[in-house]
There are 2 protein chains.
Amino acid sequence: MSTADKLIGEAGRLIVNAGYNGFSYAHLAERLGIRKASIHHHFPSKVDLVVAVVEQQRTVIRQQIAALENDEPDAMAQLLAYVDYWKRCIEDQSEPFCLAGVLAVELPALPEDVGVAVRGHFNDLGEWLKRVMALGVRQGAIQLELEPETSAQFFQTAIYGAMVMARAYDDPGKFNFVVDAFLARMRTDRS
Amino acid sequence: MSTADKLIGEAGRLIVNAGYNGFSYAHLAERLGIRKASIHHHFPSKVDLVVAVVEQQRTVIRQQIAALENDEPDAMAQLLAYVDYWKRCIEDQSEPFCLAGVLAVELPALPEDVGVAVRGHFNDLGEWLKRVMALGVRQGAIQLELEPETSAQFFQTAIYGAMVMARAYDDPGKFNFVVDAFLARMRTDRS
DNA sequence: GTAGATCTACCTTCTGGTAGGTCGATATAG
DNA sequence: CTATATCGACCTACCAGAAGGTAGATCTAC
């Protein structure tokens, strides 16, 4: 793995733990056993680095979404795959919060370029969820009382709210508990 | 209003915007038109200040909760009063996020004393919500399929998730939209 | 031998924090 | 009714360390 990739990975972990202003080139250099100046060689400024971190995650997530939409025809199964991903990440604390979520909370204080990338992620996710919800309604797995848009936002809210709960109560299990309660209210008896 | 109170108020606003590491004594001093050193006179360390900010909010919220439980016998009305408070704060951007919520997202990187205060707030809120939910079920206003504990966490998740959504999409209206969708799924036809 | 990656050494600005002084109000003693 | 001691609030002037960032030398692999 290239140094640039290691930097992106480790920076992501630091941001998830402490936010944009909670990590520094010095921390990052120490973690990788290199000097600060070497980071500037790969990412001239902190904004460059953080944008790269967010964009890399967006790319990965878009790929996973595309694969899911290709391979899994069942809408509810797609949603459960997404939820399971986060359940695992939060349970084993390998990624205890969504990177873009942490940054979103700090949004008003972030450099504009970072903000653009973060909003981009939320849009990517929101658009996919709209498609899945519409599909789920057609398949009879999701209650059709509401517009797909509403269900999508409902679901996204649940995911991010559940992450905040897990962190605030220092209890990873809270994520599973709360998300499952939400899913139950979204499904029909057919799913 | 005393200088200490102004400091607590302004620090709160700065934290809500930028988080613990996103504001400094220098910012705060500038906002109030005093010198940095004067802040240290009132709050020797940054931890002292931030703990004071969180504890002040906890006190206010506990008072409001007590008043609500005294004056408003109807559980659903209590919940709506709470929701309306946040709808107003977010709509007019006077308090666009919960202070403790911002800090909760940064929790792993915060000084221990701040973490204790933040978890304290979430507990206060969670305990009240449990009481309201139990009352609401007895009054027939809230679906009784679930334990009050589950409903309480469900609701708390919705509030914090909706705040994240409003911030991430830079659209205060998203808070109302999403929270109302949640309330609809929690109520019975009787409420 | 050239290009990319890393290094040492340094800069400027900001950080939280301290030392010690000034000012005005209040309390007290003659 | 003064004179003075005390105190809280605020100030100027610092400090050490960390922040993000730069310049230029060295090392390494093709």
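As the structure is a computational prediction, the values presented were derived from the model and not from experiment. Residue numbering restarts at 1 for every chain, and letters A, B, ... go by the order of the sequence lines.
Taking every heavy atom of residues 104-111 of chain B and every atom of DNA chain C, no pair lies under 4.0 Å. Less than 4.0 Å separates DNA chain C from at least one heavy atom of each of the following residues of residues 33-43 of chain A: A:I34, A:R35, A:A37, A:S38, A:H41, A:H42. Residues from residues 3-24 of chain B that place a heavy atom under 4.0 Å from any atom of DNA chain C, listed by number: B:F23, B:S24.
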Give the table of side-chain donor-acceptor pairs shorter than 3.5 Å for residues 47-55 of chain B, with sequence neighbours excluded, one pair per line with atom names and distance.
{"from": "B:D48", "atom 1": "OD2", "to": "B:S45", "atom 2": "N", "distance (Å)": "3.1"}
{"from": "B:D48", "atom 1": "OD2", "to": "B:S45", "atom 2": "OG", "distance (Å)": "3.1"}
{"from": "B:E55", "atom 1": "OE2", "to": "B:R58", "atom 2": "NH1", "distance (Å)": "3.4"}

Please tabulate, one pair per line, all N/O donor-acceptor pairs under 3.5 Å involving side-chain atoms of residues 173-182 of chain A, not counting sequence neighbours.
{"from": "A:D180", "atom 1": "OD1", "to": "A:K87", "atom 2": "NZ", "distance (Å)": "2.8"}
{"from": "A:D180", "atom 1": "OD2", "to": "A:K87", "atom 2": "NZ", "distance (Å)": "3.4"}

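Between the side chain of B:Q78 and the backbone N or O of B:V132 there is no donor-acceptor pair closer than 3.5 Å. Under the 3.5 Å distance criterion, the side-chain polar atoms of B:R187 are left unmatched by any main-chain donor or acceptor of B:I142. No side-chain donor-acceptor contact under 3.5 Å links B:Y25 to the backbone of B:I39. Under a 3.5 Å cut-off, the side chain of B:E72 and the backbone N or O of B:D74 do form a donor-acceptor pair.
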(message) The test is side-chain hydrogen bond (donor to acceptor under 3.5 Å, both in side chains); show your working for A:Y169 and B:Q156 and say whether it passes.
(response) CA-CA 12 Å; A:Y169 284 98; B:Q156 214 176 347; 3.2 Å; yes

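In this structure, the OH atom of B:Y25 is 25 Å from the P atom of C:dT13, given to the nearest Å. Separating the CG atom of A:L32 from the P atom of C:dA5 is a distance of 15 Å, rounded to the nearest angstrom. We find that CG of B:L28 is positioned 12 Å from P of C:dT15, with the value rounded to whole Å. Between B:K46 atom NZ and D:dG17 atom P there is a gap of 19 Å when expressed in whole angstrom units.
Both tests hold for B:R185 against A:F154: distance to the six-membered ring centre under 6.0 Å, angle to the ring axis within 45°.
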Write down the protein N/O and nucleotide N/O pairs, taken from nucleotides 27-29 of chain D, whose separation is under 3.5 Å; answer none if there are no such pairs.
none

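Put simply, the residue from A:V114, A:L14, A:I15 that forms a side-chain contact (heavy atoms from CB on, under 4.5 Å) with A:Y20 is A:V114.
Within 6.0 Å of the CD atom in A:E147, the count of heavy atoms belonging to other residues, nucleotides or ligands does not exceed 12.
One finds no salt bridge joining B:E91 and B:R88 here, because no Lys/Arg side-chain nitrogen approaches an Asp/Glu carboxylate oxygen to under 4.0 Å.
In summary, the aromatic rings of B:F122 and B:Y160 are positioned with their centroids under 6.0 Å apart.
Under the 30°/60° scheme for interplanar angles, the aromatic rings of A:Y82 and A:F155 are found to be tilted.
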